[in-house]
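Working notes, beginning with the structure itself.
Only this structure's heavy atoms are used, side chains among them; waters, hydrogens and symmetry mates stay out. When a ligand or atom number is given, it counts from 1 through the structure's own listing order.
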Amino acid sequence: MRKLIRGRTLSFHADPVEVENAFTYHEDGAVIVEDGKIAAVGDYADLRQPDLPETDHRPHLILPGFIDTHIHFPQVQVIASWGAQLLDWLNTYTFPEESRFAQQGHAPAMAERFLDLLLAHGTTTAVAFCSVHPQSAEALFSAAEARNMAMIAGKVMMDRNAPEAVLDTPQQGYDDSKALIAKWHGRGRLRYAITPRFAITSTPEQMQMAGQLVREHPDCHVQTHLSENRDEIAFTLSLYPQARDYLDIYETYGLLSDKLLLGHSIHLEPREIARMAETGSRAVFCPTSNLFLGSGLFDEAGLRAAGVVSGIATDVGGGTSYSMLQTLNEGYKILQLRGQKLHPFAAFHWVTRGNALALGMADRIGTLDTGSDADLVVLDSRATPAMALRMDRAGTLAEELFILQILGDDRSIAQTYVAGEPMLG
Ligand code: XAN
């Protein structure tokens with residue numbers, strides 16, 4: 001089935017540093033979609049064809065769908081929990097909540113709500129932590145498959161320092177992950193992420209098993225957390241006294257590669273930064289979470305200068321919004337506190353092509369290039385009275401993007417397409 005989607009198309013095609021000069025924008029543009037892929041993008045006048053069905057989104061912008069590189073599916077009912085920093089927050093709210101995913105029917109119900117929320121916020125791909133229970137990953141993969149979404153997910157492996165109800169064992173964690181990989185990895189648009197939660201909740205025996213999974217499945221992503229909070233780092237190092245630093249634990253067990261996504265990566269030692277750059281391991285900036293949990297200020301420019309590739313993510317439910325626009329808003333402010341500037345072109349590059357590059361998937365998602373998957377977001381820059389008023393004084397595309405970046409949220413998502421199919425309304 002071939003169809004045309006009309007609007008102001010915007011897509012990026014270079015590294016973030018060059019991004020101000022490396023985007024393609026069509027004021028009266030169009031995307032032609034065929035069999036879920038982008039068959040062409042360009043000026044409407046050049047692409048229109050008699051008998052081709054058309055959807056007209058003018059004056060809205062059409063971008064590649066947003067990519068969220070770190071989010072916790074079983075935390076949909078933890079978001080906005082009061083008064084704690086990371087370790088307290090995990091013990092008080094998060095682990096008890098994740099234990100509910102053992103209950104029959106809970107994970108499938110939450111999976112539908114979770115994906116509804118992602119799509120309502122313009123997110124078409126997410127890299128998700130599930131609970132320790134394999135049925136939570138089963139539920140998320142099934143629901144994502146039904147919507148044909150490019151979802152990356154994994155059940156957390158965790159065998160200590162949490163309530164019994166959210167613990168596995170090294171062998172169980174390995175066996176469950178292995179079975180999930182066999183069933184879901186590479187099925188349609190789905191991919192598996194091997195997911196040792198973080199070093200605090202995995203014994204050395206479990207880290208060993210995680211390393212074995214990584215060796216056996218080098219094409220799977222790997223996701224965990226690194227250096228989010230000072231108490232977390234101190235506790236981690238007390239559990240692994242041989243380690244040179246926090247990253248060294250993951251290195252010892254063979255987890256470091258360009259498939260590894262290290263959520264937070266805030267309080268890093270120079271050696272850790274150098275090893276991340278050498279191994280291609282990714283840092284993932286989670287601004288709303290870092291502010292909400294009082295964790296610290298991510299050093300985007302420092303990591304970039306050192307050669308570390310960074311993704312950006314919501315980290316719901318430590319994060320306070322599903323919106324990648326609100327994530328950019330808080331990200332802008334954190335970088336201001338660091339004396340760094342997040343230019344709107346770099347920001348929109350980051351949540352589309354930049355995150356796709358961080359995932360090694362920029363040939364398929366995060367772009368409007370011909371041949372890539374037709375995952376799209378349609379953005380309304382005048383979605384609220386405050387935005388409309390501000391837009392009346394905006395003269396450039398950069399200004400418009402910045403208004404979306406600072407004031408936008410799910411109200412600005414006019415439509416979300418997954419593999420060419422409209423998912424809202
Ligand atoms: N470390 C974490 N950090 C966070 O923000 N959310 C979590 O669920 C988590 N687990 C370990």
Ligand 1 N/O within reach of [X] N/O, cut-off under 3.5 Å:
X    : value
D315 : yes
E98  : no
W89  : no

Per-atom contacts, ligand 1 versus [X] - under 4.0 Å to a heavy atom:
X    : answer
H264 : 3 (N), 4 (C), 5 (O)
Q75  : 7 (C), 8 (O)
F198 : 1 (N), 11 (C)

Could you check, using the six-membered ring where one of them is a Trp, whether [X] and [Y] have ring centers closer than 6.0 angstrom?
X    : Y    : answer
Y192 : W184 : no
F298 : H264 : no
H225 : H72  : yes

### Query
In the protein, what heavy atom is nearest to atom 3 (N) of ligand 1, and what distance, to one decimal place, separates them?
E228 OE1, 2.7 Å
### Task
Could you tell me the residue and atom name of the protein heavy atom closest to atom 10 (N) of ligand 1, and the distance to it rounded to 0.1 Å?
R197 NE, 2.8 Å
### Task
From the options V76, L117, L118, select the one residue that forms a side chain to side chain contact (heavy atoms under 4.5 Å, CB included) with I71.
L118
### Message
Heavy-atom pairs closer than 4.0 Å: do any link ligand 1 to the side chain of L86, the backbone, both, or neither?
### Response
side chain
### Task
Indicate the ring-plane relationship of F114 and Y322, choosing parallel, tilted or perpendicular according to the 30° and 60° boundaries.
perpendicular
### Message
Once you measure the plane-to-plane angle for F12 and H349, does it fall in the parallel (<30°), tilted (30-60°) or perpendicular (>60°) bin?
### Response
perpendicular
### Task
Would you indicate whether R230, at its atom CZ, is surrounded by more than 12 heavy atoms from other residues, nucleotides or ligands within a distance under 6.0 Å?
no
